[in-house]
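Reading through the structure tokens given below for one structure.
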Amino acid sequence: MALAFSPDADREFDRIVRRYPNRRAALIPTLVLADRQFGYLSREAMEYVAKRLELPSAWVLSTATFYTLLRKRPTGRFHLQVCVNVACYLKGADQLGDHLKKRLGIGFGEVTPDGLFSLEGVQCLAACGTAPVIQVNDAYHEDMTLDKVDALIESLRTAPADGGAAAGPGGAR
Amino acid sequence: MIAIPANPTRGHLLRCGPGESILDLARHQSMGGLVALRKALAMQPAALIDEVKKATIRGRGGAGFPAGTKWSFLPKDNPKPRYLVINADEGEPGTFKDRYFLEQDPFPLLEGIAISAYAIGAHTAFLYVRGEFVHGIKVLEDAVEQMRKAGVLGRSVLGSPFALEIVVHPGAGAYICGEESALLESIEGKPGRPRNRPPFPAVAGLWACPTIINNVETMACVRLVLQHGADAFLAMGLPKDGGPKIYGLSGHVKRPGLYEAPLGLTLRTLIYDFGGGTIGDKPIKGIIPGGSSTPVLGPDALDVAMDFERIKAAGSMLGTAAATIFTEGTCPVAVLLRISRFYAHESCGQCTPCRDGTGWLERIVESIEHGTARPGDCDVLLSAANQIMGNTICALGDAAALPVISFVNRFRDDFEAHITGRACPYGAA
């Protein structure tokens with residue numbers, strides 16, 4: 001089945017395009033929208049964005065592959081991003097990461113077999129005063145401890161299918 | 001003499017303490033909001049630029065270039081539209097000050113943008129926010145909408161003939177887009193690769209139009225200058241470094257967070273008075289004073305004043321005034337490894353010395369940390385870092401090299417001990 005934006009995403013797309021003097025400037029916001037709508041940016045999704053914006057697909061591919069937030073492969077329903085940079089490292093980020101790897105049975109860059117969780121080590125999330133930090137989908141979880149991580153995983157496991165508060169405003173993407 | 005505020009989590013820039021927010025335009029107005037913008041609109045743009053110049057607001061994004069001077073670089077006779085671009089791509093490790101404005105207190109930022117746009121004659125301002133700040137983007141879009149509905153933005157700003165739209169533009173995860181020319185490429189929809197200069201953005205920026213790029217906190221400072229006047233703003237800081245400053249504190253301290261004080265605060269006051277001292281009251285081993293690219297200092301620097309000039313004289317840089325502290329017992333090689341890994345990950349790949357060099361730095365630091373480096377590798381490391389310095393289009397290369405050079409020089413014994421002992425003596429690897 002061919003990919004297409006939902007009516008809501010279509011309205012957002014129109015709102016984005018109107019803000020800029022040319023279509024190429026709408027590319028990154030549109031890729032963010034497509035990433036959310038389709039779960040990740042497959043080659044097909046990138047081609048769809050190129051078609052909607054009437055841009056050469058080479059422009060879309062080169063931009064989409066440059067930016068790390070734009071997912072090029074599927075993630076779990078809850079995408080756990082552990083900051084591994086210096087301020088979080090000093091406050092025990094490595095221990096948090098190791099704990100999550102053990103508990104979920106996956107490494108950074110992997111997805112649990114049930115598709116519920118994916119894990120990733122990410123660079124500075126600009127929340128160093130409340131380190132260590134884990135971002136779950138859109139939501140920041142700050143001042144984390146091993147106990148808080150365990151409680152977080154439990155709450156996500158039992159979260160309703162539409163996301164749940166722990167994934168932040170907007171729910172799972 | 002610097003007056004130490006009684007409650008440094010509040011002040012002129014930090015109006016909200018942790019967990020508080022001002023997200024309502026009416027509430028902002030009840031606290032003196034829009035007074036500065038009204039004052040600005042009653043002035044001629046040239047007089048407004050003079051007032052900002054007089055206040056000597058040095059840019060709060062890290063480089064410290066005076067905002068008013070930057071504005072005066074705009075060509076007078078270019079018929080193209082002018083743009084104002086605000087850099088909210090906060091991502092220099094250790095730094096978390098702009099997020100305060102995006103999530104807790106957006107109106108002083110947006111008011112500062114409106115004042116600055118009027119001063120430079122821009123009718124569109126792009127606010128570039130890093131993509132991870134999903135919540136901040138929503139807060140800003142809502143605040144912009146409130147201002148538009150109230151006639152503060154749009155075709156007639158507060159009833160004046162001046163028109164302004166503010167566009168909140170999301171980034172998508174690339175530290176390099178905090179570099180101003182890469183940020184412009186990113187708004188244009190391209191990969192964030194820095195541009196060669198000249199031409200500078202003031203002459204040919206966004207879509208080759210005259211463009212001014214300022215930091216979030218700088219915009220909040222512009223508002224303060226209009227609110228209180230340039231003289232009062234100057235009195236809040238130092239004669240050459242005007243105004244108050246937001247200081248960040250992270251790492252091994254009891255009370256990490258954001259604090260506001262005049263420029264020129266000593267590291268000792270920041271760490272011990274505001275931050276409550278170190279965790280476990282351990283002695284300090286290292287202080288990264290202004291974001292991960294600023295050279296590391298030791299406890300001998302505690303009485304250094306945090307302003308652009310004096311911290312430079314002490315061998316480092318004010319950067320974003322976001323200090324990260326680590327105490328005795330911490331392996332400095334392990335700390336540097338996180339920093340070097342970051343810059344290798346974030347290099348855009350455009351210039352060979354940075355693309356290849358940052359990878360070299362990471363691999364050598366990693367081999368030292370894991371006890372597999374060879375004697376002499378500290379010198380190889382320094383040589384690799386020095387070959388990046390000054391040889392790249394943008395400052396990311398220097399940002400990767402400076403911490404390496406300063407860590408090796410300051411903690412040379414620790415580095416050599418890893419090599420001769422063939423393991424991390426701290427057990428951190």
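In this text, all values refer to a predicted model and were calculated from it rather than measured experimentally. Order of the sequence lines sets the chain letters (A, B, ...), proteins ahead of strands, with each chain counted from 1.
- Using a 4.5 Å cut-off between heavy atoms, B:L336 makes no contact with chain A at all.
- At a heavy-atom separation below 4.5 angstrom, chain A is approached by B:S186, B:I187, B:E188, B:G189, B:K190 within residues 183-190 of chain B.
- Separating the CD atom in B:E141 from the CZ atom in A:R15 is a distance of 4.5 Å, to the nearest 0.5 Å.
- For B:H169 and A:Y20, the distance between ring centers is under 6.0 angstrom.
- The side-chain heavy atoms of A:V133 and B:F96, taken from C-beta on, include no pair separated by under 4.5 Å.
- Among A:L31, A:T130, A:L70, A:L125, the residue with the largest count of heavy-atom pairs under 4.5 Å with chain B is A:L125.
- Only the backbone of B:T95 comes within less than 4.5 Å of a heavy atom of chain A; no side-chain atom from C-beta onward does.
- In this structure, the portion of B:F126 lying under 4.5 Å from any heavy atom of chain A is its side chain and not its backbone.
- Contacts with chain A were tallied for B:P256, B:P191, B:S250; B:P191 has the most, counting heavy-atom pairs under 4.5 Å.
- Going from atom SG of A:C124 over to atom CD of B:E132 covers 9.5 Å, rounded to the nearest 0.5 Å.
- If you measure heavy-atom distances from B:R255 to chain A, you find no contacts under 4.5 Å at all.
- Of the two parts of B:C177, only the side chain, counted from C-beta on, holds a non-hydrogen atom closer than 4.5 Å to a non-hydrogen atom of chain A.
- For chain A, the option among B:G94, B:A174, B:G91 with the highest count of heavy-atom pairs below 4.5 Å is B:G94.
- Among residues 47-65 of chain A, the residues having any heavy atom closer than 4.5 Å to a heavy atom of chain B are, in sequence order, A:S62, A:T63.
- Using a 4.5 Å cut-off between heavy atoms, B:I325 touches chain A through its backbone atoms (N, CA, C, O) alone.
- Residues from residues 84-100 of chain A that place a non-hydrogen atom less than 4.5 Å from a non-hydrogen atom of chain B comprise A:V84, A:N85, A:V86, A:A87, A:Y89, A:L90, A:K91, A:D94, given in numerical order.
- When side chains are defined from C-beta on, A:Y140 does not count as touching B:H135, because their heavy atoms never get closer than 4.5 Å.
- Residues B:R99 and A:E142 are paired through a salt bridge, judged by an N-O separation under 4.0 Å between the basic side chain and the carboxylate.
- Of residues 21-28 of chain A, those residues with a non-hydrogen atom less than 4.5 Å from any non-hydrogen atom of chain B are, in numerical order, A:P21, A:N22, A:R24, A:A25, A:L27, A:I28.
- Side-chain contact between B:V168 and A:R19 is absent, with no heavy atoms from C-beta onward closer than 4.5 Å.
- Considering SG of A:C128 and NZ of B:K97, their distance stands at 12.5 Å, rounded to 0.5 Å.
- Nearest approach of A:V32 to B:A172, heavy atoms of both residues: CG2-CB, 4.5 Å.
- Of the listed residues B:G192, B:A334, B:G257, the one with more heavy-atom pairs under 4.5 angstrom with chain A than any other is B:G192.
- Around atom CZ of A:R103, more than 12 heavy atoms belonging to other residues, nucleotides or ligands sit under 6.0 Å away.
- Between chain A and the residues B:R341, B:E90, B:E165, the most heavy-atom pairs under 4.5 angstrom are made by B:E90.
- Other residues, nucleotides and ligands contribute only 12 or fewer heavy atoms inside 6.0 Å of the NZ atom of B:K282.
- Using a 4.5 Å cut-off between heavy atoms, A:A131 makes no contact with chain B at all.
- Most heavy-atom pairs under 4.5 Å with chain A: of the set B:P170, B:G349, B:P18, this distinction falls to B:P170.
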